[in-house]
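Data first, discussion second: the structure below is written as structure tokens.
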Amino acid sequence: DGGITQSPKYLFRKEGQNVTLSCEQNLNHDAMYWYRQDPGQGLRLIYYSQIVNDFQKGDIAEGYSVSREKKESFPLTVTSAQKNPTAFYLCASGTFSGNTIYFGEGSWLTVV
Amino acid sequence: AQKVTQAQTEISVVEKEDVTLDCVYETRDTTYYLFWYKQPPSGELVFLIRRNSFDEQNEISGRYSWNFQKSTSSFNFTITASQVVDSAVYFCALSEPSVSNDKIIFGKGTRLHILP
């Protein structure tokens, strides 16, 4: 099936640990995005990438890192520097500028 | 600055009533795109509509309709004869490709409750 796959769906992290959220798409989209959503809040952009080996910071990039080594993959690492990492993380992808972006099912990250 | 405002945080209506969700945007560019997404309880955002800044025609898709007015910088969404399955959080979003380099900015969303 075509689409955007995020894994894991649920993840628990101990304080001080880094964790990586996976995002894979088979839609042949050039652009990929990571958003964070806090309970009852809107979506905030963490990082985005328009092309392989290139990415830009969004509005809340501190404490996060990404890589874009393959067109299909855009993993997000939540580092120990992120003070409040508990949230719902959404990955999205799209084609050229201004075109629609489509979302994965999201990943819930909880710090324990 | 690029900005999307959804002033209605939460709305409750009784099933079969019509409901309108408001979206007001700010943009520096003449070329931009507006979107609406639905987020059901499962969490995934579902695309509903995309509109470019040069097309002010209203659009209707079944019970859904959208009113785009550049004069008031608004892109409102109306659900006619609402159903319980319409209960979700709805997000309006804005993209300015030439100004913000592919950033897509979302409003804070409106949580819609359709009561049986």
Side-chain angles (χ1 to χ4, degrees), chain A residues 1 3-11 21 23 25 27 29-51 54-61 68 74 87-109, chain B residues 1-11 21 23-25 27 29-55 59 88-113:
Chain A
D1 286 346
I4 302 168
T5 302
Q6 289 187 239
S7 63
K9 178 71 173 179
Y10 300 95
L11 184 61
L21 306 180
C23 180
Q25 54 98 0
L27 301 170
H29 287 168
D30 289 310
M32 296 188 74
Y33 307 79
W34 275 105
Y35 287 88
R36 169 178 171 147
Q37 185 178 23
D38 294 284
Q41 301 297 313
L43 279 67
R44 292 184 291 170
L45 183 63
I46 305 173
Y47 269 99
Y48 62 108
S49 168
Q50 296 169 284
I51 196 169
D54 187 45
F55 47 83
Q56 290 80 40
K57 293 182 179 180
D59 300 316
I60 56 165
R68 188 85 187 276
F74 192 42
F88 186 51
Y89 291 87
L90 285 155
C91 178
S93 71
T95 54
F96 55 86
S97 296
N99 211 355
T100 302
I101 63 171
Y102 298 92
F103 286 83
E105 293 184 345
S107 294
W108 288 97
L109 173 62
Chain B
Q2 189 185 21
K3 187 177 178 181
V4 177
T5 302
Q6 295 180 254
Q8 304 151 306
T9 305
E10 202 159 345
I11 301 175
L21 310 182
C23 174
V24 175
Y25 61 92
T27 176
D29 206 350
T30 56
T31 301
Y32 54 91
Y33 299 84
L34 295 163
F35 307 83
W36 275 96
Y37 287 83
K38 174 182 180 180
Q39 186 178 39
S42 60
E44 179 180 355
L45 266 75
V46 178
F47 166 72
L48 296 178
I49 189 171
R50 168 181 176 264
R51 173 70 67 205
N52 75 59
S53 53
F54 299 107
D55 183 2
E59 178 145 347
V89 181
Y90 291 86
F91 290 96
C92 181
L94 167 68
S95 169
E96 300 172 299
S98 63
V99 173
S100 60
N101 201 27
D102 263 351
K103 286 175 63 173
I104 299 176
I105 301 300
F106 285 78
K108 293 188 180 298
T110 297
R111 183 175 296 275
L112 177 63
H113 301 278

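Note that these values count all heavy atoms, side chains included, but never hydrogens, waters or copies made by symmetry. Lettering follows sequence order; numbering is per chain, from 1.
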Which atom pair, heavy atoms only, marks the closest approach of A:Phe88 to B:Gln39? CE2-NE2, 3.8 Å
Engaged part of B:Ser42 at the chain A interface, taking heavy atoms whose separation is under 4.5 Å: backbone
Let's test your reading of the structure: which of B:Ala93, B:Gly107, B:Gly43, B:Gly109 forms the most heavy-atom pairs below 4.5 Å with chain A? B:Gly43
Between CZ of B:Phe106 and CG of A:Leu90, what distance do you get to the nearest 0.5 Å? 9.0 Å
Is the number of heavy atoms from other residues, nucleotides or ligands within 6.0 Å of CD (A:Glu105) greater than 12? no
So which atom in A:Thr100 and which in B:Phe47 form the shortest heavy-atom distance, rounded to 0.1 Å? CG2-CD1, 3.2 Å
Listed by chain and number, what are the side-chain hydrogen bond (donor to acceptor under 3.5 Å, both in side chains) partners of A:Tyr47, not counting sequence neighbours? none
Residues two or more places apart in sequence or in another chain: which of them pass side-chain hydrogen bond (donor to acceptor under 3.5 Å, both in side chains) with A:Arg44? A:Asp38
Indicate the atoms forming the closest heavy-atom contact of B:Ile104 with A:Asn99, along with that distance. CD1-O, 4.4 Å
Taking every non-hydrogen atom, the tightest pair across A:Phe103 and B:Leu45: CD1-CB, 3.6 Å
Answer yes or no: are there more than 12 heavy-atom neighbours, outside A:Lys57 itself, under 6.0 Å from its atom NZ? no
Are side-chain heavy atoms of B:Phe91 and A:Gln37 found at a separation under 4.5 Å? yes
For B:Arg51, I'd like to know if atom CZ has over 12 heavy atoms of other residues, nucleotides or ligands within 6.0 Å. yes
Applying a strict 4.5 Å limit to non-hydrogen atoms, the region of B:Tyr32 in contact with chain A is neither
CG of A:Asp59 to CD1 of B:Ile105: how many Å apart, nearest 0.5 Å? 5.0 Å
